[in-house]
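So the structure is just underneath, and the comments pick up after that.
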Amino acid sequence: MPALVRPQVKVRGSLLRVKVPADYSLSRDVCSYGYFLLRPNHWIVDQQCLLTCLHLEDGAAGCKLSQPGNKGSELSVRFDRKLTKPEQVEARAQLARMLRLDESRAEVAAFHKVDARWKRSGRGRLFRSPTLFEDVVKTVTSCNVAWPSTINMNRRLCEVCGKQSPSGLFSFPTAKRIARMRAGTLRARCRVGYRDQRLVELAKLFVRGEVDEAWLTSSGTSDDEAFGFLLGLPGIGPYAAGNIMMLLGRYSRLALDTESIRHGKTVLGLTGTDRAILKRLDKHYEPFGGHRFRSYWFEIWEWYQEARGPAHLWDRDEVGASFTASKF
DNA sequence: GGTAGACCTGGACGC
DNA sequence: GCGTCCAGGTCTACC
């Protein structure tokens, strides 16, 4: 979609009111992780609201999320078509996952108790996708590639494989859809490169129910068990598995990549070979225990914001599309 | 357990 | 406009 064309939710559809935790801030908690810059998401800076598109029982439904009141006030979610009752239930569940509404004020406070640096800003929640499948695909499309390519892959996945809503927004493709696609088609039309076969295999695992989100998030499943399972998935290595752990709400692991090395060198002043820096990073965040990823991530996020201004003022097609670790 | 090279895309650069 | 080089994480083969 051309940068100058701003998608609009024009049709008067269903309106959902969504209750949020008392400390919830839409602009802060959405603009907290890079996925808010990836399709089907579009943060509208001058309105401070999120435009996105959900895949529901009767197809794609574009929606605009806003928080008309102060922090903690309920969200207004306007859809571009009428939703059936079951669709409303499904939409609420997807929105809750995406916005981390399951993370209460007390849970965020527990993080601040371990790392008080983020108490003032209130940061604690990390934006994610409405489904685990989308989170996994977004993670795979962020591996071994510069950020602008990740943006392109996600845009093409939505436009080529997603469904179009009444107002013209594209939803993210479902696992069922990707599982039916030929790897060559994904490669040629979505420019996913060698990830093509891995994405199809991942989708098939989801369709067959072999990736069980309930098990992965269960308190009865240890971090080691969840991490080990993720490592066994196609296209998922240590970085991707660590990232997906965070997306599942497990913050005890880091997702270390070249960006981490840059952070270790420039912000933490670590020296030595890349391998040595990675080891030191692991050690450095040990004191944050079960919250390590958040402490690590918000340091990186703050650094981005110092360079590019507050994230809630980033325009997806300008700042969002241009930033890469090597350019900072 | 550690290491080297292939896998792809897109941006940067030189001509 | 074209060709070359490089960055990026995972996977496989090999030692």
Side-chain angles (χ1 to χ4, degrees), chain A residues 1-3 33-35 37-39 129 133-161 173 178 181-206 210-211 224 226-248 253-266 272-283 293 296-297 300 303-304 307-308 316-328:
Chain A
M1 187 183 296
Y33 195 65
Y35 290 3
L37 297 164
L38 298 179
R39 299 286 178 86
S129 305
F133 176 68
E134 184 177 335
D135 271 341
V136 170
V137 173
K138 279 185 159 56
T139 300
V140 171
T141 58
S142 72
C143 289
N144 198 28
V145 76
W147 182 250
S149 292
T150 303
I151 290 180
N152 285 335
M153 281 187 251
N154 279 273
R155 177 175 56 79
R156 288 185 163 117
L157 281 167
C158 290
E159 291 176 1
V160 173
C161 319
I178 300 285
M181 290 187 74
R182 289 169 59 180
T185 307
L186 264 187
R187 177 182 296 225
R189 300 191 62 197
C190 303
R191 313 294 289 169
V192 298
Y194 66 88
R195 300 165 193 81
D196 56 355
Q197 189 60 46
R198 295 171 191 177
L199 290 174
V200 172
E201 286 172 21
L202 274 170
K204 285 179 178 171
L205 289 171
F206 271 88
E210 291 174 34
V211 182
D224 283 349
F227 190 72
F229 173 82
L230 294 172
L231 278 180
L233 297 177
I236 307 297
Y239 162 78
N243 197 60
I244 297 168
M245 289 285 280
M246 173 280 287
L247 294 164
L248 286 165
R253 304 262 179 168
L254 300 176
L256 297 176
D257 58 2
T258 50
E259 177 63 359
S260 317
I261 294 169
R262 192 275 313 151
H263 182 71
K265 285 179 181 171
T266 62
T273 62
D274 287 358
R275 176 179 291 273
I277 288 175
L278 288 175
K279 277 191 176 179
R280 285 176 192 150
L281 280 167
D282 218 41
K283 190 92 178 159
F293 191 105
Y296 157 77
W297 182 255
I300 286 191
W303 194 76
Y304 289 163
R308 296 297 180 99
R316 182 189 67 181
D317 298 317
E318 292 173 17
V319 177
S322 68
F323 83 79
T324 66
S326 60
K327 283 188 180 172
F328 270 103

Validate the cation-pi geometry between R253(A) and F227(A): distance from NZ or CZ to the six-membered ring centre under 6.0 Å, angle to the ring axis within 45°. yes
All N/O pairs under 3.5 Å across the protein-nucleotides 6-10 of chain B interface:
unit_1: dC8(B); atom_1: OP1; unit_2: R187(A); atom_2: NH1; d: 2.8
unit_1: dC8(B); atom_1: OP1; unit_2: R187(A); atom_2: NH2; d: 2.5
unit_1: dC8(B); atom_1: O5'; unit_2: R187(A); atom_2: NH1; d: 3.4
unit_1: dG10(B); atom_1: OP1; unit_2: R156(A); atom_2: NH1; d: 3.2
unit_1: dG10(B); atom_1: OP2; unit_2: R191(A); atom_2: NE; d: 3.4
unit_1: dG10(B); atom_1: OP2; unit_2: R191(A); atom_2: NH2; d: 3.2

Over 60° means perpendicular and under 30° means parallel, so tell me whether Y35(A) and Y33(A) are parallel, tilted or perpendicular. perpendicular
Give the rounded distance in Å between these two atoms: CG of D274(A) and P of dG8(C). 9 Å
Identify the heavy atoms of I300(A) and R262(A) that sit nearest to each other, and give their distance. CG2-NH2, 4.4 Å
Side chains of T141(A) and L157(A) in contact at under 4.5 Å (non-hydrogen atoms): yes
What distance separates C143(A) SG from K138(A) NZ, expressed to the nearest 0.5 Å? 14.0 Å
Rounded off to whole Å, could you give me the CD1-to-P distance for the I151(A) and dG8(C) pair? 16 Å
Side chains of S149(A) and N152(A): do they bring a donor and an acceptor to under 3.5 Å? no
To the nearest Å, how far apart are W147(A) CH2 and dG9(C) P? 13 Å
Between the protein and nucleotides 1-4 of chain B, are there any N/O to N/O pairs under 3.5 Å, and if so, what are the atom names and distances?
unit_1: dT3(B); atom_1: OP2; unit_2: R275(A); atom_2: NH2; d: 2.8

Identify whether any heavy atom of L233(A) sits under 4.0 Å from a base atom; if not, whether one sits that close to sugar-phosphate; answer base, sugar-phosphate or nothing. sugar-phosphate
Grab the OH-P distance between Y239(A) and dC11(C) for me, whole Å please. 14 Å
With sequence neighbours left out, the residues meeting side-chain hydrogen bond (donor to acceptor under 3.5 Å, both in side chains) with E210(A) are R208(A)
Using distance alone, with no hydrogens and no angle criterion, decide if T139(A) and Y239(A) have a side-chain donor and acceptor under 3.5 Å apart. no
Rounded interatomic separation in angstrom, taking CD1 from I236(A) and P from dG8(C): 19 Å
